[in-house]
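Structure, as structure tokens:
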There are 2 protein chains.
Amino acid sequence: MTNIKKVSELAGVSTATVSRTLKSPEQVTEATRDKVMQAVKQAGYRPNWLASSVKSGKSNSIVVLVPNLTNPFFLRIIGGIEQAAQEKGYSVLLGDTQGDSKRENEYAGMVLSNRADGLIQLDHSFPFAPQDAELADNVPMVSVCERIEGERKYPVIELDNYAASRALAHHLVGYGHQKFAAIVGQISSQIYRERLAGIRSVLQEENLPLPDEMLVGGSYTIEAGIEGVRQLLKQPVRPTAIFCFNDDIAIGAIHEIKKYGLRVPQDISVVGFDNIKVSAFIDPPLTTVDQPAYDMGRRAFEVLSVLMRGESLTRIREILPFQLVERQSSGPVHSS
Amino acid sequence: MTNIKKVSELAGVSTATVSRTLKSPEQVTEATRDKVMQAVKQAGYRPNWLASSVKSGKSNSIVVLVPNLTNPFFLRIIGGIEQAAQEKGYSVLLGDTQGDSKRENEYAGMVLSNRADGLIQLDHSFPFAPQDAELADNVPMVSVCERIEGERKYPVIELDNYAASRALAHHLVGYGHQKFAAIVGQISSQIYRERLAGIRSVLQEENLPLPDEMLVGGSYTIEAGIEGVRQLLKQPVRPTAIFCFNDDIAIGAIHEIKKYGLRVPQDISVVGFDNIKVSAFIDPPLTTVDQPAYDMGRRAFEVLSVLMRGESLTRIREILPFQLVERQSSGPVHSS
DNA sequence: CTGTTAGCGCGTTCAA
DNA sequence: TTGAACGCGCTAACAG
């Protein structure tokens with residue numbers, strides 16, 4: 001272990017001088033600076049980050065809780081967080097929770113034990129264990145996409161899911177569709193409610209139905225899309241347009257629809273949500289709502305950064321712009 | 001800041017007793033244990049992780065360097081690492097390097113300054129800055145998929161890329177293909193050389209050519225696949241089979257081939273590498289080589305774990321099994 | 001400008 | 001079994 005003491009002896013100065021030379025070189029004579037720097041080099045010295053952090057009480061790390069690492073959409077968000085964090089000298093501790101609350105509790109606990117200074121939650125659950133709830137009151141925490149449930153309100157960076165769903169619905173209604181279905185994601189979340197409400201509002205305005213049996217799914221996976229289509233196609237009436245609550249679901253849905261010998265969009269239009277990379281390159285390219293995932297990540301860190309500095313926020317909710325991306329998976333209803 | 005001292009005062013014992021009660025409860029009387037535990041609860045005390053780590057000199061964290069977070073294949077590897085790490089009480093510091101050596105240097109430096117105990121590199125470059133090379137001699141480091149370049153050999157968990165490429169080549173040769181092309185990834189890596197060598201070895205055995213103008217690409221992206229196909233289709237002779245060096249490239253390639261009005265696999269067979277999730281659900285489903293990404297990640301951590309314990313390794317190179325996944329993007333050559 | 005001293009929060013001696 | 005004291009490696013305060 002090559003520590004500051006060794007360097008100080010090597011350079012013939014005090015440990016304090018070594019520390020100063022490295023932190024604020026301008027406060028030191030050029031002569032001593034040279035001596036110290038040479039000793040540092042010779043000893044191969046690196047300040048022990050752990051030790052300096054004990055003093056400052058700051059770890060300069062944040063925990064990012066993600067329910068599912070395999071979802072490429074989350075990846076882009078994490079990329080944005082990581083980028084912004086790195087620029088400010090923060091490290092990102094990755095917490096893959098698999099939606100398991102035990103794991104969430106564990107990871108969340110890191111910020112209670114000074115292993116991290118803040119927390120970004122990509123899921124909708126309150127990540128702390130019940131017995132830690134009070135302690136958690138003072139931890140900087142931000143949620144992205146989803147909204148953390150519970151009494152206490154945390155800042156959230158999200159999309160206007162209601163408006164985005166309305167945009168999709170209008171898009172499909174504009175093509176003359178009347179028989180709709182939806183393959184939804186996680187039902188217990190705010191996102192589910194808002195997106196569904198958005199769709200419903202448009203359909204009601206147009207006097208179009210969205211019967212309960214046309215609502216299937218329950219998770220944001222390709223498999224859910226496949227299974228969803230199977231269920232929908234068992235119904236007596238076939239929908240001509242399907243809202244998928246994310247692009248993975250849509251990819252599964254399109255795949256399965258084709259398996260049934262049906263065509264997209266001639267027989268069934270499919271729309272998604274997220275605009276992940278591949279969505280533009282599947283066949284047919286997917287009509288979807290683009291979410292500025294990377295920017296959402298960046299912004300989430302910036303907001304967290306404010307919180308970690310102990311400052312207070314003007315806005316507790318930031319809504320980022322979405323964009324309807326019209327591709328070829330949606331089209332006019334085909335009169336049969 | 002609720003520290004050990006406060007708890008000790010609250011419980012009417014010394015700080016040492018508090019520390020002991022939490023670390024080795026059996027060394028403490030039940031009476032005092034109860035007192036302490038109650039005080040801990042009441043004060044909402046959590047041992048300061050930073051402080052305890054200074055003592056032990058271990059951060060129980062590792063850095064994972066990934067060149068590109070948007071590649072779903074890397075994600076699965078990271079998932080495996082994260083999982084294994086969590087089980088052993090380690091945290092994962094995510095380092096998105098974007099292939100930038102400055103960033104690599106910075107992240108790699110973390111392990112020199114005790115911010116992390118070890119390093120897993122997913123890229124092929126030696127991540128430390130030249131001036132840190134000596135220091136780096138003693139840091140636990142493992143590479144996955146790629147092999148870290150340089151004098152010193154680090155443990156590597158990889159695939160038999162040579163054999164896997166041969167399997168793909170045999171598969172295509174078996175379908176009667178004679179005109180081959182390849183859209184490759186990063187050229188500067190070992191993987192590139194091995195995969196290409198594997199393909200070449202089979203083609204030579206069969207007396208089939210792989211002319212230089214049939215080698216295009218240079219990065220592991222969808223865009224590279226698209227651009228690659230454009231270049232290939234400009235050539236006077238059209239290949240009937242294309243090796244794509246990963247699935248993303250293949251997805252781009254298939255997309256672009258269809259744009260030209262050609263069919264996969266009737267006009268051109270396409271094969272990939274990695275077997276990412278979507279590959280099974282694109283149209284046509286992709287023939288590819290399945291890499292056990294998750295297991296590779298797990299194994300990488302386990303090997304790193306051995307290194308971090310200061311033990312030495314029996315094998316410095318671990319080769320995990322691949323599997324040829326035959327789907328519908330490859331087929332018999334169509335006589336025109 | 002530099003050295004001495006103190007202390008961050010904790011774990012681990014060594015006595016008692 | 002418990003407590004006092006020391007030290008981890010570093011930095012901040014104060015003298016000089």
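Residue numbers start from 1 in every chain, and the chains themselves are labelled A, B, ... in the order their sequence lines are given, proteins ahead of strands.
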Write down the distance between CG (B:Asn114) and C1' (D:dC10), rounded to a whole number of angstrom.
12 Å

Between A:Thr32 and C:dC1, is there a side-chain N or O to OP1/OP2 distance below 4.0 Å?
no

Axis-to-axis angle across the helix from C:dC1-D:dG16 to C:dA16-D:dT1, five pairs an end, to 10 degrees?
40°

State whether A:Glu318 and A:Arg315 are salt-bridged, where the test is any N-O pair (Lys NZ or Arg NE/NH1/NH2 against Asp/Glu carboxylate O) under 4.0 Å.
yes

Please report the distance, rounded to the nearest Å, between CD in B:Glu9 and P in D:dG3.
13 Å

Between B:Asn48 and C:dC10, is there a contact of a side-chain N or O with OP1 or OP2 at under 4.0 Å?
no

Sugar-phosphate, base or nothing in reach of B:Ser53, heavy atoms under 4.0 Å
nothing

Between OH of B:Tyr45 and P of C:dG9 the distance, given in whole Å, is 10 Å

Report yes if the distance between the aromatic ring centroids of B:Phe301 and B:Tyr90 is under 6.0 Å, otherwise no.
yes

Protein-nucleotide distance (B:Lys6, atom NZ; C:dC10, atom C1'), rounded to Å
15 Å

Students often get this wrong, so: under 4.0 angstrom with heavy atoms, is B:Thr15 touching a base, only sugar-phosphate, or nothing?
nothing

Expressed as a whole number of angstroms, how long is the span from B:Ile4:CD1 to D:dG3:P?
12 Å

Regarding A:Val18, tell me which of base, sugar-phosphate or nothing describes its non-hydrogen contacts under 4.0 Å with the strands shown.
nothing

Please state how far atom NZ in B:Lys5 lies from atom C1' in C:dC8, giving the value in whole angstrom units.
12 Å

Is a donor-acceptor pair below 3.5 Å formed from side chain B:Arg20 to base D:dG3, judging by atom type as modelled?
yes

State whether B:Ser19 places a side-chain N or O below 4.0 Å from either non-bridging phosphate oxygen (OP1 or OP2) of C:dG11.
yes

Report the nucleotide, chosen from C:dT12, D:dG9, D:dG3, that has the shortest atom-to-atom distance to any side-chain atom of A:Ala51.
D:dG9

Walk me through whether A:Leu313 and A:Leu307 qualify under side chain to side chain contact (heavy atoms under 4.5 Å, CB included).
CA-CA 7 Å; A:Leu313 249 38; A:Leu307 251 43; 3.7 Å; yes

Test applied, side chain to side chain contact (heavy atoms under 4.5 Å, CB included); reference residue, B:Pro292; option that passes from B:Leu159, B:Ile77, B:Ile157
B:Leu159

Ion pair A:Asp132/B:Arg46, N-O distance below 4.0 Å:
yes

Does a side-chain N or O of B:Ser14 approach OP1 or OP2 of D:dG3 to a distance below 4.0 Å, or not?
yes

Scan side-chain atoms only and decide if B:Ser91 and A:Arg115 contain a donor-acceptor pair under the 3.5 Å cut-off.
yes

What's the NZ-C1' distance between A:Lys35 and C:dT2, to the nearest Å?
10 Å

Strictly below 4.0 Å, N to O, side chains only: are B:Glu302 and B:Arg299 in salt-bridge contact?
yes

Given atom CD of B:Gln27 and atom C1' of C:dT13, what is their separation to the nearest angstrom?
12 Å

